[in-house]
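A quick write-up on the structure given underneath.
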Amino acid sequence: QVQLEESGGTLVQAGSSLRLSCAASGHPISNSAMGWFRQAPGKEREFVGAISWSGATSRYSDSVAGRFTISRDNAKNTMYLQMNSLKPEDTAFYYCAARTFVFNSKLYSRESEYMYWGQGTQVIVSS
């Protein structure tokens with residue numbers, strides 16, 4: 001069983017940068033593919049980005065590509081989401097997710113492909 005806890009969400013101005021963290025406990029994430037999703041008010045949850053178990057590969061949605069970067073520190077059992085050039089449309093609850101026992105570099109972009117989820121952290125970007 002993996003427990004995930006996001007942190008770092010807050011209110012920022014447009015153009016700012018922010019880093020979210022996703023701390024895992026209960027199971028090492030070193031063999032887990034991980035991802036970030038977000039849900040804006042009144043909208044369905046959407047894929048933000050994913051990172052392979054080693055951190056060597058990653059993928060992003062078109063809306064955040066070039067502005068957001070996912071990284072991970074398996075020794076600290078933590079994943080990060082660096083968000084730059086934030087826009088008001090980035091306002092959402094951000095969730096991290098994990099898929100355990102992944103032994104290749106495959107990336108996952110569907111919610112159904114992840115087994116564990118955090119409770120979310122809220123990011124509000126003011127214009």
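- Side chains of F68 and L86 form a contact here, defined as non-hydrogen atoms less than 4.5 Å apart.
- Identified under the salt bridge (charged side-chain N to carboxylate O under 4.0 Å, His left out) test for residues 53-80, with sequence neighbours left out: R67-D90.
- Taken together through direct or relayed side-chain contacts under 4.5 Å among Ile, Leu, Val, Met, Phe, Trp and Tyr, W117 and M79 form parts of separate hydrophobic clusters.
- Among residues at least two apart or in separate chains, salt bridge (charged side-chain N to carboxylate O under 4.0 Å, His left out) pairs with a member in residues 46-58 are R38-E46.
- Both L18 and V64 are members of a single hydrophobic cluster when ILVMFWY side chains are connected at heavy-atom separations under 4.5 Å.
- Screening residues 1-17 for salt bridge (charged side-chain N to carboxylate O under 4.0 Å, His left out), with sequence neighbours left out, gives no hits.
- Sorted by first and then second residue, the disulfide bond (SG atoms under 2.5 Å apart) pairs with a member in residues 39-68 form an empty list; sequence neighbours excluded.
- For residues 20-127, every residue pair satisfying the disulfide bond (SG atoms under 2.5 Å apart) rule, not counting sequence neighbours, is listed here: C22-C96.
- For Q39, the side chain to side chain contact (heavy atoms under 4.5 Å, CB included) partners are R45, Y95, not counting sequence neighbours.
- Among residues at least two apart or in separate chains, salt bridge (charged side-chain N to carboxylate O under 4.0 Å, His left out) pairs with a member in residues 113-124 are R110-E113.
- Atom-to-atom distance recorded for R99:CZ and N31:CG is 12.0 Å, nearest 0.5 angstrom.
- Here S17 contributes atom OG and R19 contributes atom CZ; the two are 12.0 Å apart, rounded to the nearest 0.5 Å.
- Looking at residues two or more places apart in sequence or on another chain, you find a side chain to side chain contact (heavy atoms under 4.5 Å, CB included) between A24 and V2, L4, I29, N77.
- Taken together through direct or relayed side-chain contacts under 4.5 Å among Ile, Leu, Val, Met, Phe, Trp and Tyr, V48 and M115 form part of one hydrophobic cluster.
- Every residue two or more places apart in sequence or in another chain that forms a side chain to side chain contact (heavy atoms under 4.5 Å, CB included) with S30 is listed here: P28, N74.
- Residues passing the ring-ring contact (aromatic ring centres under 6.0 Å, His included) test with F47 are F37, sequence neighbours excluded.
- Residues T69 and Y60 meet the side-chain proximity criterion, which asks for heavy atoms closer than 4.5 Å.
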Distance-only donor-acceptor hits, side chain of residues 118-127, under 3.5 Å, sequence neighbours excluded:
unit_1, atom_1, unit_2, atom_2, d
T121, OG1, G9, N, 3.0
S126, OG, V12, O, 3.3

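- The main-chain N or O of A33 is never found under 3.5 Å from a side-chain atom of Y114 such that the two would form a donor-acceptor pair.
- F103 pairs by the ring-ring contact (aromatic ring centres under 6.0 Å, His included) definition with nothing, not counting sequence neighbours.
- You'll find the side chain of W53 stays beyond 4.5 Å of the side chain of S32, heavy atoms only.
- Note on I51 and V102: separate hydrophobic clusters, where clusters join Ile, Leu, Val, Met, Phe, Trp and Tyr whose side-chain heavy atoms are under 4.5 Å apart, directly or indirectly.
- In the displayed structure, W36 atom CH2 is contacted under 6.0 Å by more than 12 heavy atoms of other residues, nucleotides or ligands.
- For the pair Y116/H27, no side-chain contact is recorded, criterion being any heavy-atom separation below 4.5 Å from C-beta on.
- Defined by atom type and a distance below 3.5 Å, a donor-acceptor pair is missing between the side-chain atoms of S52 and S105.
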